[in-house]
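When reading the values below, keep in mind they use all heavy atoms of this one structure, side chains included, and skip hydrogens, waters and symmetry mates. So you know, we letter chains A, B, ... as the sequences are listed, proteins then strands, and number each from 1.
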Amino acid sequence: MTKAQTLAKILFEFSYFHEMHGVAFKPRAYQLASESVTARGDEVEDAWRKGGIKALKELPGIGQNIAEKADELFRTGKIKEYEQMKKQFPVDIWGLSRIEGLGPKHMLDLYKHLKVKNINDLKKALKAHKIKDIPRWGEKSEIKLLNQLNLMEASGGRLLLGYVLPVADEMVRQLSKVKGVTRCTYAGSIRRRQETIGDIDLIATSKNAKSVMDAFVSLPMVESVHEKGKTRSSVRLKIGIDADLRVVPDEVFGATLQYFTGDKRHNVLLREFALSKGYTLNEYGLYKLAKKKATPTTPSPSSGRRGIGLVACKTEEEIYEKLGMETPAPEIRIGEDEIEAALKHKLPNLLPYGSVRGDLQMHSTWSDGTLSIEEMAQAAIKLGRSYIAMTDHSKSMAFINGLDEKRLKQQGKEIDKLNKNFKGFRILKGIECDIHKDGSLDISAAARKELDFVGISVHSHFHLSREEQTKRIIKAMEQPNVNCFFHPTCRLIGKREGIDFDMRAVIAAAKKNNVALEINSFPERSDLSDRWVRAVVKAGAKLMINTDAHTAEHLEFIVLGEAIARRGWATKKDVLNTKTTKEFMAWLA
DNA sequence: GCCGTTTTCGGCCCGACTGTTTTCAGTCG
C-alpha cells in the first residue's frame, strides 16, 4: 500500500467507527476525505511535501483536523488516534466492509456479541449459526450475510483489469531494461483484456535467463517468491495476486506468446485443429508431424528447441497463417467461434485503440465529482478528446447534490462561457438523468430539450421483477430527447449482480428509438460487458464508450472500454463517439 | 469534521428496501 492508500483506508475506518457509535456528520466528512485521497493518490503526499498541512487543506474534503492526521502519518508512519481507536475496536473494518450489506452498525453487533474481528472470525460464526441469535438479526440476515460473503470471495483472488494493468506495464518496463533482454511483454488474461485478472503472465526473451530471473524476483512490487528456476519463476505481488515469468530464446517468441496468451479453450481448439491438419503446436512452435496420424504424446520442449519439423515460431501471425487462418486479436480468443471466423477470413475489423474522440459521461463538483467542469475539460483536452459531455446527476440523487432543472440551467450558462474559450474542443451540456420506478424521467422534457446530450440510468429499484424492469427501461427510452442508456445492467463486479431485465428487448428498443447503449469503462462497472456488446453489434444497435469519470485520472479508463468493445467484436462504425465533433453533433440533431 | 458570492457558526437537504419487527434500524445509492 502506498502512503496515500494507507491514509485513505484509515480515514475510511474512522468514518465507520464514528458511524457505528452514532456520531453525527463526522462519518460523512471522513468518508469524503477518504474518497478525495483515493482519487488523488500520490498527489496527496506530493502536496504535503511541498506545502505541509496548509497544502493538504487545499484538497477538497480535508480540513485542519484531517490534514494534521495526514501530516502525522507522513512524518511518523502512524496516527496516534487511529492506534487508540484500534485498541478499543480491534476490527478489520476495511476488510469486512468489502462485504456488501455489512455496514458499521452490523459490524459493531458482530464484534460486541460474537467477537468477530475479521473475515475468518465471521466464517466461524456463520458456520456455528450464531449470527441469527444476535438481537435484531434472524435467519434471513444470516443467510444473506453468507451469500454476500461467498459473492465477495468468488471474485476474491481476482483483481479488476483496470487496477492490474498499470502494475503489469510497470513490470514489463522494468524487465525490459534488464541487460540481455531482447523482448518482454505480458500475455494471459491481461493481454486478452479480461475484466478481472487472476495472475500476471509475463514473457521475456534473453540469452541470459538467470539475470532476468534475478531481476524479476527483486522487483519492487514483489512481496515474496514462490519459486525461482532457470526459465520460470513465480512470485506473490503486493497487490495480492501472483505473477509468473517465462524466459525463452528470442526465436520462439511468437509461439510462446501464442501459447501463454490463451485462453485455454482457444488453445485447445487450435491445437485440435492443428492436429487434424498434421501439425502439432506448443510454446516453442508449430511442427509438422512425421506421420499422417497424430502421435499421442506432445513433443518435448527439447525436440522443439532442436527444431525438428519446425514450421513456424517467430510470430503469432506466422503460426496462424500456416494453419490457414487470420490471426484473431487476443481480446477475442475465448474458444467459441473465432477460429471458425478466422478460417473463413471473416474476422471483424475491431475498433482500434485510441478511436474514441468524445467522452460522454463524467461528473463535476456540481454533483459528486471532485473537479470543476473546467478542470475536467482541461484533463480531457490533455488526453486528446475533441468533445465531452458533462453529465452530473439529476435531482433524485439528492444525497450527492443532484441537479434540478434550475441548477441545470445555471450549469449550462457556465458551460456556454467555457466553450467560448476553447478551440477545437467542446463541452456538451448533459445530464445523467435518473429513471424513476415507473419509467418516467427525473428531468422534464422541456429541460432535456435545452441540453445537448441526455444519458439515462437506473439508480433505484434494483429488484423489480424482470417484466417490470424491462417495461420501465423501455418506457424511459421512448421518451423524447434521450440519447444514451448509461451502465445498463448496474452491476458492480464482485459486489452487486446486475438488475434483471430482458436485454434483447431493450437492445431492440434502443435501436428503434435511436438510443445508444453505453459501455461504461469504469473498472468496477465494465457495463455493458463484452457478451452484451456482441449482442448489440449483432442486432445493429449503437454503442458509446464513456468513462463515468469522477476525477481527472478516471478519464484514462477509456482504453478499458475500448477493450470491452473489442472483446464484443465491435468495429468503429458500431461506436458513435468515434465520430468527429461535427459528425456527432449531426447524429444528435 | 468540513465548508462558506446567502454564513467563520450553523448547516450537513432523501427515499426505498429489507428484515426485523408491530414502528423502526440498517444499508444503499
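- If you check residues 66-83 of chain A against DNA chain B, the residues with a heavy atom closer than 4.0 Å are A:I66, A:K69, listed by number.
- For A:F399, the side-chain contact (heavy atoms from CB on, under 4.5 Å) partners are A:M397, not counting sequence neighbours.
- Between A:H106 and A:H463, the residue anchored closer to the 5' end of DNA chain B is A:H463, taking for each the nucleotide with the nearest heavy atom.
- Remark: the A:Q469 side chain and the A:R472 side chain contain an N/O donor-acceptor pair separated by less than 3.5 Å.
- Annotation: B:dG1 and B:dT5 have their P atoms spaced 23 Å apart (nearest Å).
- Taking atom C1' on both nucleotides, B:dC14 is separated from B:dC9 by 25 Å, rounded to a whole Å.
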Enumerate, atom names and distances included, each donor-acceptor pair closer than 3.5 Å involving a side-chain atom of residues 367-374 of chain A, sequence neighbours excluded.
unit_1, atom_1, unit_2, atom_2, d
A:S367, OG, A:D392, OD1, 2.6
A:S367, OG, A:H393, N, 3.3
A:D368, OD1, A:H363, ND1, 3.4
A:D368, OD1, A:H550, NE2, 3.4
A:D368, OD2, A:H393, NE2, 3.4
A:D368, OD2, A:H550, NE2, 3.1
A:T370, OG1, A:H550, O, 3.1
A:T370, OG1, A:T551, OG1, 2.9
A:S372, OG, A:E375, N, 3.1
A:S372, OG, A:E375, OE1, 3.2

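- Of the residues in residues 110-124 of chain A, not one comes within less than 4.0 Å of DNA chain B through any heavy atom.
- For the pair A:W137 and A:R525, nearest-nucleotide mapping onto DNA chain B gives the more 5' position to A:W137.
- Within the nucleic acid shown, A:S460 has no heavy atom closer than 4.0 Å to any nucleic acid atom.
- Straight-line distance between the P atoms of B:dA16 and B:dT23: roughly 22 Å, to the nearest whole Å.
- Contacts classified as ring pair (Phe, Tyr, Trp, His ring centres under 6.0 Å) and involving residues 497-534 of chain A (residues at least two apart or in different chains) are given here: A:F522-A:H554, A:F522-A:F557.
- Nucleotides B:dT18 and B:dG11 are separated by 31 Å at their C1' atoms, to the nearest Å.
- Residues meeting the side-chain contact (heavy atoms from CB on, under 4.5 Å) test with A:A67, sequence neighbours left out: A:I53, A:L56, A:K57, A:I62.
- Partners of A:Q479 according to the side-chain contact (heavy atoms from CB on, under 4.5 Å) rule, which considers only residues two or more places apart in sequence or in another chain, are A:L441, A:R448, A:K475, A:V482.
- For A:I143, the side-chain contact (heavy atoms from CB on, under 4.5 Å) test picks out A:E139, A:N147, with sequence neighbours left out.
- The closest side-chain donor-acceptor pair between A:Q88 and A:Q84, if any, does not fall under 3.5 angstrom.
- Residue A:E142 is classed as having no contact, given no heavy-atom separation below 4.0 Å to the nucleic acid.
- Counting only residues at least two apart or on different chains, the ring pair (Phe, Tyr, Trp, His ring centres under 6.0 Å) pairs with a member in residues 100-137 of chain A are A:F89-A:Y111, A:H106-A:W137.
- Note on A:R136 versus A:D109: no salt bridge recorded, every NZ/NE/NH1/NH2 to OD/OE distance being 4.0 Å or above.
- Annotation: proximity of residues 4-34 of chain A to DNA chain B (heavy atom, distance under 4.0 Å) is found for A:F25, A:K26, A:A29, A:Y30, numbered in ascending order.
- Put simply, chain A comes within 4.0 Å of DNA chain B, heavy atom to any atom, from B:dG1 to B:dG29, going 5' to 3'.
- A distance of about 33 Å separates the C1' atoms of B:dG10 and B:dC17, rounded to the whole Å.
- For the residue pair A:S394 and A:D442, a side-chain donor N or O sits within less than 3.5 Å of a side-chain acceptor on the partner.
- A donor atom on one side chain and an acceptor atom on the other are found under 3.5 Å apart for A:Q31 and A:E35.
- Ion pairing between a basic and an acidic side chain is recognised when a charged N comes within 4.0 Å of a carboxylate O; A:K395 and A:E405 show such pairing.
- Here, B:dG19 and B:dC13 have their C1' atoms 28 Å apart, quoted to the whole Å.
- Under the salt bridge (charged side-chain N to carboxylate O under 4.0 Å, His left out) criterion, A:D502 pairs with no residue, sequence neighbours left out.
- Both distances falling under 3.5 Å, in either a Watson-Crick or a G-U wobble arrangement, occur for no nucleotide opposite B:dT8.
- B:dG15 and B:dT22 are spaced 26 Å apart, taking the P atom of each and rounding to whole Å.
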